[in-house]
Student: 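This is the structure I have questions about; it appears just below.
Note that this is a predicted model, so its numbers are computed, not measured. All values below come from the heavy atoms of this structure, side chains included, with hydrogens, waters and symmetry mates left out.
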Amino acid sequence: MYITIEEAKKHLNIDDSFTDDDAYIGALIKVAEDSVSQHLDIALDDLVVDGVLPSAISHSILLMVGNLYANREPTAYSQVLKVPYTLEYLLGLYKHYFLP
């Protein structure tokens, strides 16, 4: 995992002393990292420089973890507005497009 549970908990505003959701957060990190890699069509290992992912990729993973943690069901009953310049924008900076 490129994102630690501690980093994710800080992003989620969860106190370090609360450990009940650690396994769940760890699973969300794995899902988010896999999803980002699949979306970019690039292995995350190929993006690592000096042992660190680019900050836009790391933040995209954290955004996805936050979204999955806050929205545990596929439906919402409130008005949803897309926040510009977030996940798709950050991932678009690294998207690997195939040319025929």
Side-chain angles (χ1 to χ4, degrees):
M1 289 192 313
Y2 294 98
I3 302 297
T4 66
I5 291 176
E6 292 77 21
E7 290 171 314
K9 287 172 78 169
K10 184 171 183 161
H11 177 77
L12 297 169
N13 292 321
I14 297 173
D15 190 83
D16 288 335
S17 64
F18 179 74
T19 59
D20 290 356
D21 284 353
D22 282 6
Y24 181 64
I25 293 168
L28 293 180
I29 293 168
K30 289 177 185 177
V31 167
E33 288 180 351
D34 183 53
S35 297
V36 165
S37 177
Q38 292 295 323
H39 179 84
L40 295 175
D41 199 25
I42 302 171
L44 295 182
D45 288 342
D46 295 343
L47 296 171
V48 173
V49 177
D50 296 327
V52 178
L53 281 174
S55 53
I57 300 300
S58 295
H59 195 71
S60 295
I61 293 167
L62 289 170
L63 285 172
M64 185 169 281
V65 168
N67 184 29
L68 294 171
Y69 188 80
N71 302 296
R72 298 180 186 204
E73 299 298 327
T75 39
Y77 298 99
S78 63
Q79 184 178 9
V80 176
L81 300 172
K82 188 174 181 178
V83 179
Y85 300 112
T86 56
L87 188 66
E88 286 93 3
Y89 176 77
L90 294 174
L91 293 178
L93 299 172
Y94 293 89
K95 179 79 172 154
H96 183 247
Y97 294 97
F98 288 102
L99 298 175

Student: I'd like to know if the side chain of T19 and the backbone of D22 have a donor-acceptor N/O pair within less than 3.5 Å.
Tutor: no

Student: Is the count of non-hydrogen atoms from other residues, nucleotides or ligands lying under 6.0 Å from K95 atom NZ greater than 12?
Tutor: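 It does: K95 NZ has more than 12 such atoms within range.
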
Student: If I take atom CG from residue L28 and atom CZ from residue R72, how far apart are they, to the nearest 0.5 angstrom?
Tutor: 7.5 Å

Student: Pick one: which of L90, I42, I3, L40 meets side chain to side chain contact (heavy atoms under 4.5 Å, CB included) with I57?
Tutor: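 Running side chain to side chain contact (heavy atoms under 4.5 Å, CB included) over L90, I42, I3, L40 with I57 returns exactly one hit, L40.
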
Student: What class does the angle between the rings of H11 and H59 fall in, given that below 30° is parallel, 30 to 60° is tilted and above 60° is perpendicular?
Tutor: perpendicular

Student: To the nearest 0.5 Å, how far apart are NZ in K10 and CG in L62?
Tutor: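 Output value for this atom pair is 11.5 Å.
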
Student: Look up atom CG in L63 and atom CG in L68, then write down how far apart they are to the nearest 0.5 Å.
Tutor: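 L63 atom CG to L68 atom CG measures 11.0 Å (nearest 0.5 Å).
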
Student: Under 4.5 Å between side-chain heavy atoms, hopping through other hydrophobics if needed: is there a path connecting L91 to V52?
Tutor: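 In one cluster: no.
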
Student: I need the I29 CD1 to I5 CD1 distance, nearest 0.5 Å.
Tutor: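 One finds 5.5 Å between CD1 of I29 and CD1 of I5.
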
Student: Where is the tightest heavy-atom contact between M64 and A32, given as atom of each residue plus distance?
Tutor: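 So the two residues come closest at SD-CA, 3.6 Å.
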
Student: Please find the pair of heavy atoms, one from N67 and one from N71, that lie closest to each other, and give the distance.
Tutor: OD1-ND2, 2.6 Å

Student: Determine whether a donor-acceptor pair (N or O, by modelled atom type, separation under 3.5 Å) exists between the side chain of S37 and the backbone of E33.
Tutor: no

Student: Measure the CD1-CD distance between I25 and E6 for me, rounded to the nearest 0.5 Å.
Tutor: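 Between I25 CD1 and E6 CD, I get 10.0 Å after rounding to 0.5 Å.
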
Student: Taking all atoms of both residues into account, what is the closest heavy-atom pair of L53 and S58, and its distance?
Tutor: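 Where L53 meets S58 most closely, the heavy atoms are CB-OG, 3.5 Å.
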
Student: Rounded to the nearest 0.5 Å, how far apart are CG of L12 and CD of E7?
Tutor: 11.5 Å

Student: Is it the case that the side chain of K9 and the backbone of F18 share a donor-acceptor pair, with hydrogens and angles ignored and the cut-off at 3.5 Å?
Tutor: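 Yes, K9 side chain to F18 backbone: donor-acceptor pair under 3.5 Å.
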
